[in-house]
S.K.: 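This is the structure, below, for whatever I ask next.
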Amino acid sequence: MVETVSKRDIRKLKLEELKAFFIEQGEKPFRAQQVYEWLWNKSAKSFDQMTNLSIGLRDMLKEHFTINHIKVDSMQRSADGTIKNAVTLFDGMVVESVLIPTEKRITACVSSQVGCSLACKFCATARLKRQRNLSTDEIYDQVVAIKEQAELFYGRPLTNIVFMGMGEPLLNYTNVITAIEKITSQKGLNMASKRITVSTVGIAKMIIKMADDEVKFNLAVSLHAALDKTRSSIMPINDTNPLEELGEALRYWYAKTKKKVTYEYVVWKGINDSEEHARALLKFCKIIPSKVNLIEYNPIDDGEFQQADDAALNMYMDLLERNGITTRIRKSRGKDIDAACGQLANKS
Ligand code: SAH
């Protein structure tokens, strides 16, 4: 049997490295630029798509490299138009990504980790435990796949990206940032940073790091409670990363970036539906300019958590709005196919 030499994934090479490779092969360095454009800007999945390269050159590339690409395995469409993808990664692990259409936007909701280490009590992904981080390419490819679906099924461009799929993006910081750089680059997908939102459980030291890095995308924090005792009881991260520290990090964020933060907040019956909680949220909202998305709870189990009554939601809404905090109630999308927030991994 002939021993096969394992080929390198060409997308792991930086443009400079690709140039060096071409020179080594006695080829013109501008070929590297062409290949790089095919790989990122045009999202080519095979060397045969690279029609401005000679067949000989394509064969040479095939001898040395592969193009690893995620596989969108199964696709479910919700009655409201939401599409949920099961995405198979290079090593066979599976994550999920979601396309969310509205009248004005098409949003891609992408995953950053296989599973999650944060153990938020109300979230289905938490039950999978963290397996590994996604690579830059695996994050990028999810966006490409949804961009293609937007065009194919809706005849519209992808407009927004939210890192609200599986995992905690700030615990996979380097790969998330590198993917965003590629997504926003002219050599990549050329999307605007202000259309991208990274959602975090609120890891203070990483928020400070992002501020220092002067990132240009939006920040959302999954707050869910503005009283430490309650927040710790539903989100274990709060034990080591309490609200005071989170608030300090957010102050730093705003001082550096001048960007508002969005708080994601679910109101649950008997957990945070009292006026005391609403007042605590209002106080927290005053730390830096912010807005609030009151998100509908998507049940994941037997009912330990239940969506609060409309009266409680209205109480929150009135108090916040009266005090100048923009507040929106976010209805769930894709619930019938378990594609809604916190439902990823449910039943799969
Ligand atoms: N780890 C990041 C990214 C996940 S985003 C973060 O925590 O922000 C997923 C969003 O859905 C978060 O705001 C999360 O708190 C929320 N969520 C989790 N489970 C939910 C559920 N069952 N119903 C509604 N929202 C949920």
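Remember, it's 1-based here, ligands and their atoms both numbered in the order they're listed.
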S.K.: Using heavy-atom distances only, which candidate in Q307, E296, H224 approaches atom 14 (C) of ligand 1 most closely?
M.R.: H224

S.K.: Return the option from A220, S222, G167, P299 holding the heavy atom at the smallest distance from atom 3 (C) of ligand 1.
M.R.: G167

S.K.: Is the distance between the ring centroids of F65 and F47 under 6.0 Å?
M.R.: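 No: the rings miss the under 6.0 Å criterion.
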
S.K.: Centroid separation under 6.0 Å, is that true for the rings of F163 and F217?
M.R.: no

S.K.: Please indicate whether any nitrogen or oxygen in F122 is less than 3.5 Å from any nitrogen or oxygen in ligand 1.
M.R.: yes

S.K.: Applying ring pair (Phe, Tyr, Trp, His ring centres under 6.0 Å), name anything that partners W38, two or more places apart in sequence or on another chain.
M.R.: none

S.K.: Below 4.0 Å, non-hydrogen atoms only: which portion of T125 touches ligand 1? Side chain, backbone, both or neither.
M.R.: neither

S.K.: Under 4.0 Å from a heavy atom of G165: which atoms of ligand 1 are those, numbered in the order shown and with their elements?
M.R.: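 Answer for ligand 1: 4 (C).
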
S.K.: Tell me whether N41 contacts the main-chain N or O of Q186 through its side chain, where contact means a donor paired with an acceptor under 3.5 Å.
M.R.: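 Yes.
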
S.K.: Could you list the atoms of ligand 1 found under 4.0 angstrom from a heavy atom of V201?
M.R.: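 Matching atoms, with element in brackets: 6 (C), 7 (O), 8 (O).
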
S.K.: Considering the heavy atoms of C123, write down every atom of ligand 1 situated less than 4.0 Å from one of them.
M.R.: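 Those qualifying, in numeric order: 18 (C), 19 (N).
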
S.K.: Would you say the side-chain atoms of E321 pair up with the backbone N or O of T327, donor to acceptor, closer than 3.5 Å?
M.R.: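 Pair found, side chain donor or acceptor close to backbone of T327.
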
S.K.: Would you list the pairs meeting side-chain hydrogen bond (donor to acceptor under 3.5 Å, both in side chains) in which at least one residue belongs to residues 276-289, sequence neighbours left out?
M.R.: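 Listed by first then second residue: T230-H277, S274-H277, E275-R279.
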
S.K.: For ligand 1, is any non-hydrogen atom under 4.0 Å from M164's backbone (N, CA, C, O), its side chain (CB onward), both, or neither?
M.R.: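 It is both parts that get close, each with some atom under 4.0 Å.
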
